[in-house]
Amino acid sequence: MAAPIIRIDNIVKRYGPLTVLDGLSMEVLPGEKLALIGPSGSGKTTILRILMTLETISDGHIEVDGDQLYHMPKNGSLVAADDRHLHRMREKIGMVFQHFNLFPHKCVLDNVTLAPMLTKGVARAAAEKRAMELLDMVGLADKAKSMPAQLSGGQKQRVAIARALALSPKIMLFDEVTSALDPELVEEVLNVMRKLAAETDMTMLLVTHEMGFAHDFADRILFFDRGKIVEEGKPDEIFRNPRQERTQAFLRKIIAAGHRV
Amino acid sequence: MTDWSGYIGLILQGALVTVELTVMGSALAVVMAFLAGLGRVSRFMAVRALATTYIEFFRGTSIFVQLFWVYFVLPFAGVTLSPLQAGVLALGLNVGAYGAEVVRGAVKAIGREQREACIALNLTRGQAMRYVILPQALPLMLPTFCNNAIELLKGTAVVSLISLTDMTFQAQVVRAQTGSTLIPFATILVLYFLMALAISYAMRWLERRMTRGLDGVRT
Ligand SMILES: Nc1ncnc2c1ncn2[C@@H]1O[C@H](COP(=O)(O)OP(=O)(O)O)[C@@H](O)[C@H]1O
Ligand SMILES: [Mg+2]
């Protein structure tokens with residue numbers, strides 16, 4: 001079995017007196033597709049944000065692709081990572097946000113080409129060629145010259161996915177990427193994600209309330225509650241046969257709220 | 001009967017000085033506004049402290065006193081400036097301090113989400129500022145910059161105190177020589193107004209250019 005590409009070891013995240021992640025440990029294998037589910041406030045977003053280095057950790061260690069994320073070796077011991085180290089680690093990871101976070105002053109094409117040109121020194125022509133391939137993949141090649149404000153939510157999110165993919169990260173993080181969308185636009189984004197899951201061997205971590213999608217998409221489901229992973233397993237195990245009381249309660253509530261499982 | 005053409009010529013010469021002061025003062029003010037405004041959001045404490053000190057000092061003391069210091073006190077420290085240099089320096093530093101807060105506010109207004117997108121795309125802090133934050137912050141600054149430039153224009157009159165022959169100074173000369181108050185001061189009233197109008201139009205044109213295709217950004 002391959003070595004894990006992400007190894008999270010006993011991390012703690014506190015905001016003042018509030019402990020959001022409480023000694024969380026987990027491992028992710030290369031190419032694995034994980035769905036993180038659980039009640040709101042249970043720390044799912046926080047763990048993705050920590051992996052993207054948008055938040056720091058209060059305690060513990062995270063290893064990504066063989067290197068420490070928040071630490072680096074120096075004179076035989078581990079010290080806090082400096083900017084250079086963080087930039088090197090961020091190359092491996094991409095993230096798609098709930099609210100897209102596109103650059104509103106740049107056209108779709110420039111949104112996608114900006115980071116490869118700046119961070120990898122890719123020439124404009126090559127960056128644009130790759131961007132067009134990606135936009136084609138998400139079904140938006142004809143919108144390359146549009147401004148984000150001219151797009152629907154679903155289109156914006158597909159651009160955001162293309163933009164993150166343009167850096168070819170090994171790991172992609174998706175934080176409730178459809179929950180800001182009108183219901184009729186959800187499917188077009190999910191379809192892109194299905195295609196991605198089928199066609200690439202990227203490692204993908206996805207936070208979602210779309211249980212049906214999580215079931216089809218994920219190799220493994222992690223159920224979060226109060227800053228801990230309460231239960232994990234294959235989609236069928238979790239959705240058909242949850243062992244933990246809290247998982248059962250959560251799924252009952254979701255089903256009662258009308259979500260398809 | 002007074003021959004007004006010569007006197008009007010004098011006032012127009014003064015107008016040129018006023019324009020010069022306004023343009024150069026504004027240029028310095030913009031530079032200072034960005035230096036101090038970005039300094040205020042630096043992650044280095046010393047830079048933040050320096051920027052804050054500059055801003056508080058120049059906002060907390062009057063342009064009048066600042067001009068006198070620059071022109072009459074700096075020579076004691078071995079720095080002698082021409083009246084024009086002194087005027088530009090005092091006006092630029094003074095208005096720049098106000099502009100710095102505008103820069104800081106606009107940069108802060110470009111929210112966390114944009115910064116986080118930059119981190120996720122692995123841009124450096126400098127790249128994020130240059131390619132993502134500032135292009136969006138600039139249109140937010142322009143209306144207030146426009147006000148600041150007009151304030152600066154009006155402030156230029158203070159340099160007549162250090163005997164720089166700006167428009168107000170020349171109007172006083174004309175008044176003394178002709179005994180007429182109405183004509184010289186009506187003339188400079190119109191000229192100041194036209195200059196302010198020109199600034200407004202230029203800024204509005206800039207703003208339109210910058211926000212082209214950017215609807216939905218200025219929330
Ligand atoms: N910046 C912050 N400051 C204080 N508390 C925060 C902050 N961000 C998140 N939290 C808290 O952390 C907890 C977990 O949040 P989050 O990871 O967003 O949960 P989830 O994504 O599972 O809904 C929540 O109680 C939330 O209020
Ligand atoms: Mg969340």
Side-chain angles (χ1 to χ4, degrees), chain A residues 45 48-49 51-55 83-84 86-108 110-121 145-151 156 159-169 171-175 180, chain B residues 34 37-38 41-48 102-103 105-143 145 203-219:
Chain A
T45 294
L48 293 197
R49 290 172 55 79
L51 284 168
M52 193 64 255
T53 68
L54 297 171
E55 302 282 351
D83 277 0
R84 254 192 48 222
L86 286 176
H87 281 296
R88 214 162 55 77
M89 297 307 289
R90 283 177 196 145
E91 270 184 25
K92 307 169 194 275
I93 308 167
M95 181 161 180
V96 182
F97 298 88
Q98 186 174 353
H99 295 109
F100 334 125
N101 304 13
L102 293 181
F103 302 136
H105 60 301
K106 295 202 170 288
C107 72
V108 165
D110 291 348
N111 261 275
V112 181
T113 56
L114 181 71
M117 289 171 60
L118 288 179
T119 69
K120 299 192 154 177
K145 289 291 169 193
S146 302
M147 299 302 280
Q150 299 167 306
L151 304 181
K156 283 182 195 163
V159 173
I161 292 172
R163 183 176 70 170
L165 289 173
L167 289 167
S168 314
I171 300 163
M172 279 275 278
L173 312 172
F174 299 89
D175 188 15
Chain B
F34 276 93
L38 296 180
V41 297
S42 164
R43 66 182 143 157
F44 301 110
M45 236 264 285
V47 177
R48 285 201 306 273
V102 179
V103 170
V107 163
K108 286 264 171 203
I110 306 306
R112 197 181 77 165
E113 295 191 340
Q114 291 287 305
R115 284 163 220 280
E116 293 188 342
C118 292
I119 294 177
L121 291 169
N122 205 14
L123 305 193
T124 63
R125 289 167 62 96
Q127 288 169 338
M129 189 54 86
R130 165 145 182 232
Y131 295 99
V132 176
I133 310 292
L134 279 182
Q136 294 180 65
L138 231 45
L140 302 180
M141 300 174 199
L142 281 182
F145 271 1
M203 287 290 192
R204 236 173 281 163
W205 175 80
L206 252 182
E207 203 182 334
R208 260 202 314 277
R209 258 191 69 114
M210 274 186 193
T211 49
R212 203 177 283 162
L214 249 182
D215 31 309
V217 178
R218 302 189 54 191
T219 44

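Residue numbers start from 1 in every chain, and the chains themselves are labelled A, B, ... in the order their sequence lines are given, proteins ahead of strands.
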Report summary line: On a heavy-atom basis, the closest approach of Arg163(A) and Ala117(B) is NH2-CB, 3.7 Å
**Report entry** Pair Leu114(A)-Leu123(B), side-chain contact (heavy atoms from CB on, under 4.5 Å): steps then yes or no
**Finding:** CA-CA 9 Å; Leu114(A) 181 71; Leu123(B) 305 193; 4.2 Å; yes
Query raised in the report: Counting heavy atoms not belonging to Arg48(B), are there more than 12 under 6.0 Å from its CZ?
Result: yes
Query raised in the report: Hey, which of Asp83(A), Thr53(A), Ile93(A) has the most heavy atom pairs under 4.5 Å with chain B?
Result: Asp83(A)
Query - Steps toward side-chain contact (heavy atoms from CB on, under 4.5 Å) verdict (Leu121(B), Thr119(A)) - result: CA-CA 8 Å; Leu121(B) 291 169; Thr119(A) 69; over 6 Å; no
Report task. Would you mind reporting whether Gln114(B) and Pro104(A) have side-chain heavy atoms less than 4.5 Å apart? Result -> yes
Query raised in the report: If you take all heavy atoms of Thr124(B) and His87(A), which pair is closest and at what distance?
Result: CA-CE1, 3.6 Å
**Report entry** His105(A) side-chain N/O to Tyr131(B) backbone N/O, donor-acceptor pair under 3.5 Å
**Finding:** yes
Report task. Heavy-atom distances under 4.5 Å only: say whether Phe103(A) touches chain B with side chain, backbone, both or neither. Result -> both
Query raised in the report: Any side-chain heavy atom of Arg49(A) sitting closer than 4.5 Å to one from Glu116(B)?
Result: yes
Report summary line: Under 4.5 Å to a heavy atom of chain B? For Leu102(A) that would be backbone
Query raised in the report: What part of Arg112(B) lies closer than 4.5 angstrom to a heavy atom of chain A: side chain, backbone, both or neither?
Result: side chain
Report summary line: Between Asn122(B) and Arg90(A) the two heavy atoms that sit nearest each other are OD1-CB, 3.3 Å
